[in-house]
Amino acid sequence: MAWWMTAYEVGSVAPVLVALGILLHGIRVSEAAAPRLRALPADTAPSWDRAMSGQLRRGLIAGGILCGIIVALIVLTWMPIGFEWRMWRFLVPVLAGMLCLAALVLVPGSRPGHPAGAERALDLTPRTLRSFGPGWWFTGWLTATGLLVITVLCAGWLSSPDEAGNYTRITVAMGSASSSSDFLGWFYGVPLLAGIAGLTALTVIALAGIARSPLAPTTDARAVDVWLRRLGARTVLSVSTGAALVTLGQVWDLIGATARMTGSVTSAAGMIEVGTPFAALAWPLWALGYLAQGLGIALLLLPLFARRARFAPRAATTADESPSPLSTTSRA
């Protein structure tokens with residue numbers, strides 16, 4: 001491997017670490033500002049503790065799967081394989097996100113039952129997909145997905161057919177001559193758009209599943225239930241947004257590299273060099289693609305760093321009550 005490729009790989013870690021550090025710091029600040037949850041009674045605390053452990057475990061499994069996919073994607077990027085196979089790598093993050101979201105949908109988190117005879121609190125608050133998380137989570141997801149769709153559509157519009165009639169090329173016309181290069185055209189873009197549609201559908205289904213089920217009937221348990229749902233929504237959105245951003249960064253990187261393509265033709269005035277119509281966007285697209293991939297990978301890794309909720313200690317414990325796993329303060 002050439003030295004510049006090694007330097008590029010090492011340098012690619014920097015935006016991931018920076019973005020991951022910023023995300024984790026923001027989460028820690030948010031958790032520190034939030035009031036601690038009240039510890040639950042001993043008869044209900046164990047079931048909620050199992051639910052919390054299950055939610056954290058699901059996030060770890062999703063993050064582990066995504067870590068393996070990321071490593072495979074990096075290996076695939078640098079393998080000496082043909083351009084056609086390298087183009088299909090754009091589907092890897094999207095398919096990985098779909099796999100993780102499908103697992104989260106098919107294996108929903110447990111919801112503890114309510115003990116008979118306990119007091120119930122009626123909840124009439126309307127709930128939507130955006131009920132369990134700040135608005136910027138959902139805005140970021142929609143923005144990343146929308147930018148990816150627009151970019152793929154623009155790439156398809158700029159593409160040209162190859163010898164087989166497939167739109168996999170971009171052509172620069174120079175009078176009667178032309179210069180062309182491999183490109184993300186409709187041939188690769190349509191399957192990618194189908195994958196984006198599937199990823200979006202699974203995201204909506206997962207968020208609907210989080211918001212649809214009834215909330216816990218008691219006030220203290222409801223606060224824990226809301227915390228679990230927020231964690232689930234954060235996991236779903238980080239996976240979906242991260243997959244979209246990694247793919248968007250790869251597409252921008254490819255378009256930026258293609259934008260630097262030039263062709264030359266000899267005329268009476270000498271050699272004339274012609275570039276692509278979007279040559280001025282070459283370096284901005286490369287830089288934005290570099291940053292988008294770093295932020296996307298950081299979001300895919302975010303479920304690995306989820307922590308347990310913070311619980312306030314109980315004011316008093318009766319002699320016949322056994323210690324509860326949620327009755328002591330745990331790290332957020």
Side-chain angles (χ1 to χ4, degrees), residues 13-40 48-49 51-60 62-64 66-67 70 97 100 104 109 125 127-145 203 206-207 210-211 215-216 219-246 249 288 290-314 325-332:
V13 178
V16 176
L17 296 179
V18 172
L20 185 60
I22 294 174
L23 290 171
L24 291 176
H25 176 70
I27 291 173
R28 300 296 182 262
V29 171
S30 176
E31 290 177 347
R36 292 191 176 188
L37 302 176
R38 292 181 57 183
L40 301 179
W48 282 106
D49 185 68
M52 186 179 301
S53 299
Q55 181 63 55
L56 294 173
R57 185 164 52 248
R58 294 166 76 232
L60 288 174
L66 292 170
C67 283
I70 291 170
C100 289
L104 293 176
T125 305
R127 281 177 280 144
T128 64
L129 300 181
R130 302 179 57 180
S131 296
F132 298 100
W136 64 269
W137 288 5
F138 302 89
T139 302
W141 164 56
L142 292 174
T143 301
T145 305
T203 303
L207 292 174
I210 292 172
L215 283 170
T219 303
D220 291 342
R222 181 173 300 167
V224 182
D225 196 0
V226 169
W227 182 90
L228 284 171
R229 293 173 193 251
R230 285 176 63 89
L231 179 60
R234 192 178 78 193
T235 300
V236 169
L237 291 173
S238 64
V239 169
S240 183
T241 309
L245 281 175
V246 171
L288 290 174
Y290 181 73
L291 295 175
Q293 290 185 72
L295 177 58
I297 294 175
L299 284 170
L300 293 178
L301 297 176
L302 196 60
L304 292 174
F305 297 90
R307 298 193 301 181
R308 302 177 70 84
R310 305 182 315 141
F311 285 88
R314 299 192 64 183
L326 298 184
S327 64
T328 57
T329 304
S330 60
R331 291 196 310 161

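No hydrogens, no waters, no symmetry mates; every other heavy atom, side chains included, goes into these values. No experiment lies behind these values; they were computed from the predicted model shown.
In this structure, the side-chain contact (heavy atoms from CB on, under 4.5 Å) partners of Val226, at least two apart in sequence or on a different chain, are Phe132, Leu215, Arg222, Arg230. Leu129 pairs by the side-chain contact (heavy atoms from CB on, under 4.5 Å) definition with Val204, Leu207, Ala208, not counting sequence neighbours. Ser30 meets the side-chain contact (heavy atoms from CB on, under 4.5 Å) test with no other residue; sequence neighbours excluded.
Side-chain atoms of Thr145 never come within 3.5 Å of backbone atoms of Leu142 as a donor-acceptor pair (strictly under, hydrogens ignored).
The minimum heavy-atom distance between Ala211 and Thr128, with the atom names listed, is CB-O, 3.4 Å. Listed here is the closest heavy atom pair of Thr203 and Ser240: OG1-OG, 2.9 Å. Minimum interatomic distance between Arg234 and Ile27 (heavy atoms only, all atoms of both residues): NH1-CG2, 3.4 Å. Taking each heavy atom of Leu302 and Leu20 in turn, the nearest pair found is CD1-CD1, 4.3 Å. Nearest heavy atom pair, residue Gly249 against residue Ala292, reads CA-CB, 3.9 Å. Annotation for Ala306 and Leu231: closest pair CB-CD1, 3.9 Å, computed over non-hydrogen atoms.
Thr235 OG1 to Leu299 CG: the interatomic distance, rounded to the nearest 0.5 Å, is 11.5 Å. The line from CG of Leu24 to CZ of Arg28 is 5.5 Å long, rounded to the nearest 0.5 Å. Once rounded to the nearest 0.5 Å, the distance linking CG of Leu245 with CH2 of Trp141 reads 13.0 Å. We find the CG-CD1 distance between Leu237 and Ile210 to be 8.0 Å, quoted to the nearest 0.5 Å.
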Q | Trace of the side-chain contact (heavy atoms from CB on, under 4.5 Å) decision for Leu295 with Leu291 | A | CA-CA 6 Å; Leu295 177 58; Leu291 295 175; over 6 Å; no
